[in-house]
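Below: one structure, written as structure tokens.
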Amino acid sequence: MPELPEVESVRRVLLDRLTGLSVHSVEVIRSDVIKLIKHPRSSLGSAIDHRQLLVGGSIKDVIRHGKRLALVVHDGRILEFGLGMSGLLRFEEAGSTGEEELHEHVRWDLKGVGGGAAGKLIWKDPRRFGSITPVGSWKALTQVQWAHLGPDALKISEAEFISRIRAGSSAIKVRLLNQQVVAGIGNIYADEALFRAGIRPRRAANRTSPARLAQLRRVAIEILREAISAGGSSIRTHLDPEGRSGRFQEAHAVYGRQNEPCVRCGEVIRTCSLGGRTTAWCVRCQK
DNA sequence: TGACACCTGGGT
DNA sequence: ACCCAGGTGTCA
């Protein structure tokens with residue numbers, strides 16, 4: 001489900017709904033979705049420290065870097081989420097008649113300022129490619145858990161974007177997908193940005209002129225912002241915590257439009273495989 | 001750089 | 001029965 005715009009849509013809803021609520025208790029249905037920092041392959045087993053899952057804390061902030069999300073509580077404890085392909089956070093208001101769904105792995109019980117039940121936050125992830133990682137501090141979050149991520153795609157400067165992209169010789173789309181280079185762009189928005197910038201996805205990154213890269217950054221940010229305004233793209237599973245789907249898929253120019261005519265020139269949109277991902281582009285508009 | 005692995009579900 | 005899917009880590 002998640003690239004930057006989808007995760008940002010989730011962040012905004014969570015910030016609005018959860019800020020100020022306190023975490024009363026947590027129910028761990030599948031403990032192996034919780035991954036420790038230094039031992040990413042090990043699960044916590046049966047002895048889960050519920051404090052690491054924010055129990056007793058009151059939610060102060062919800063932050064995002066690239067495609068990653070984190071809940072911050074008042075005393076500095078942080079819980080970090082990678083949504084993988086199908087991870088989703090759902091907010092179920094107290095008293096709502098929501099039935100338990102398949103593939104729900106963790107459920108937090110939240111209380112309001114007065115101590116009354118506010119609702120439940122639920123982690124649902126059918127494919128289980130996602131992860132929940134307790135991090136003790138801001139320092140552990142930024143210097144360990146997120147240390148390998150490049151600058152956020154919405155915040156990266158033009159100079160830094162150009163130099164980081166050009167630091168490798170692989171296909172430009174592969175560089176865009178590399179979260180170490182720039183964080184937040186995935187398969188959809190890489191294809192859409194390259195189309196809008198008129199750049200062939202296979203072009204060698206270091207043989208793309210600084211001027212064209214400046215243009216690529218500009219249109220990528222433009223597309224990401226448009227997508228956020230539309231609530232992200234809902235191809236199959238993306239829903240925000242209130243169950244609303246995004247609408248940006250209706251605006252896709254190339255992603256998912258193979259064999260259809262290019263919106264700009266009418267040429268048939270082709271696909272190939274790049275970095276193991278299906279890539280859609282217009283052979284006439286992108287050079 | 002690519003192949004494969006991790007998973008489940010939906011479409012053909 | 002097969003192929004595909006918004007991600008990411010490891011291996012040759």
Side-chain angles (χ1 to χ4, degrees), chain A residues 1-11 29-30 32-43 64-69 80-89 101-105 123-133 144-150 153 167-194 201-206 220 223-224 227-228 230-240 245-259 271-280:
Chain A
M1 137 194 169
E3 297 182 37
L4 187 155
E6 291 73 40
V7 180
E8 178 62 15
S9 306
V10 170
R11 188 193 72 83
I29 297 137
R30 261 202 89 116
D32 63 356
V33 302
I34 296 155
K35 312 277 171 73
L36 298 178
I37 275 191
K38 301 223 167 162
H39 306 283
R41 314 192 71 164
S42 74
S43 67
R64 179 193 61 73
H65 191 275
K67 308 171 185 175
R68 325 278 313 190
L69 196 66
E80 196 259 358
F81 296 82
L83 306 213
M85 292 282 269
S86 60
L88 110 86
L89 283 160
E101 299 172 11
L102 202 56
H103 304 304
E104 291 182 355
H105 305 129
W123 173 250
K124 175 178 174 178
D125 184 14
R127 295 179 72 178
R128 279 177 278 128
F129 288 174
S131 59
I132 302 177
T133 302
V144 181
Q145 186 69 1
W146 287 353
H148 62 289
L149 297 178
S169 59
S170 52
I172 188 151
K173 177 176 176 186
V174 173
R175 296 292 291 161
L176 275 182
L177 289 177
N178 185 338
Q179 302 301 296
Q180 227 165 307
V181 174
V182 51
I185 299 172
N187 206 30
I188 295 175
Y189 301 100
D191 280 3
E192 293 299 317
L194 288 168
R202 281 190 209 274
R203 173 174 286 279
N206 58 356
I223 289 169
L224 293 171
I228 291 167
S233 302
S234 291
I235 304 302
R236 51 181 62 77
T237 62
H238 166 64
L239 294 175
D240 77 15
S245 62
R247 302 171 305 281
F248 195 68
Q249 64 281 2
E250 295 157 21
H252 292 171
V254 286
Y255 181 89
R257 294 196 65 247
Q258 51 269 40
N259 304 321
T271 59
C272 66
S273 179
L274 255 183
R277 321 298 302 282
T278 297
T279 298

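Every value quoted in this text rests on a predicted model; they were computed, and no experiment measured them. Each chain gets a letter, A, B and so on, in the order the sequences are listed, and its residues count up from 1.
- Proximity of a side-chain donor or acceptor of A:Glu6 to a complementary backbone N or O of A:Ser234 within less than 3.5 Å is not detected.
- Rounding to whole angstrom units, CG of residue A:Asn187 and C1' of C:dG7 are separated by 10 Å.
- The nearest whole Å value for the distance from the CD1 atom in A:Ile188 to the P atom in C:dC4 is 17 Å.
- Mapping A:Gln258 and A:His148 onto DNA chain C via the closest heavy atom, the residue that lands nearer the 5' end is A:Gln258.
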Could you list all N or O pairs between the protein and nucleotides 2-4 of chain B that sit under 3.5 Å apart?
none

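- A:Glu3 places a side-chain N or O within 3.5 Å of a backbone atom of A:Ile188 that can act as its donor or acceptor partner.
- Between A:Ile37 atom CD1 and C:dG9 atom C1' the separation is 17 Å, expressed in whole Å.
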Between protein and nucleotides 7-12 of chain B, map the contacts as a letter string: B base, S sugar-phosphate only, - none, heavy atoms under 4.0 Å, written 5' to 3'. BBS---
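- Atom P of B:dC4 sits at a distance of 16 Å from the matching atom of C:dC2, rounded to the whole Å.
- Ring geometry for A:Tyr189 against A:His252 counts as perpendicular: the plane angle is over 60°, on a 0 to 90° scale with 30° as the lower cut.
- When the P atom is used for both B:dA3 and C:dC3, the distance is 15 Å, rounded to whole Å.
- The nearest whole Å value for the distance from the CG atom in A:Leu4 to the P atom in C:dT8 is 12 Å.
- Contact annotation for A:Tyr189: no contact, since no heavy-atom pair falls under 4.0 Å across all strands.
- Side-chain atoms of A:Glu192 come within 3.5 Å of backbone N or O of A:Tyr255 as a donor-acceptor pair.
- Formation of a donor-acceptor pair under 3.5 Å by the A:His105 side chain with backbone atoms of A:Ile34 is not found in this model.
- In this structure, A:Glu80 atom CD and C:dT8 atom P are separated by 11 Å, rounded to whole Å.
- Straight-line distance from the CG atom of A:Leu83 to the P atom of B:dC6: 22 Å, rounded to whole Å.
- Rounded to an integer number of Å, the gap from CD of A:Glu6 to P of C:dA5 is 16 Å.
- C:dC4 atom C1' lies 13 Å from atom CD1 of A:Ile235, rounded to whole Å.
- A:Gln179 places a side-chain N or O within 3.5 Å of a backbone atom of A:Leu177 that can act as its donor or acceptor partner.
- Remark: the backbone N or O of A:Lys35 is paired with a side-chain donor or acceptor of A:Thr133 at under 3.5 angstrom.
- No donor-acceptor pair under 3.5 Å is formed between the side chain of A:Asp240 and the backbone N or O of A:Ser9.
- Pair check for B:dG10 finds C:dC3; Watson-Crick or G-U wobble, both atom distances under 3.5 Å.
- Not a single donor-acceptor pair under 3.5 Å links the side chain of A:Gln249 to the backbone N or O of A:Ile235.
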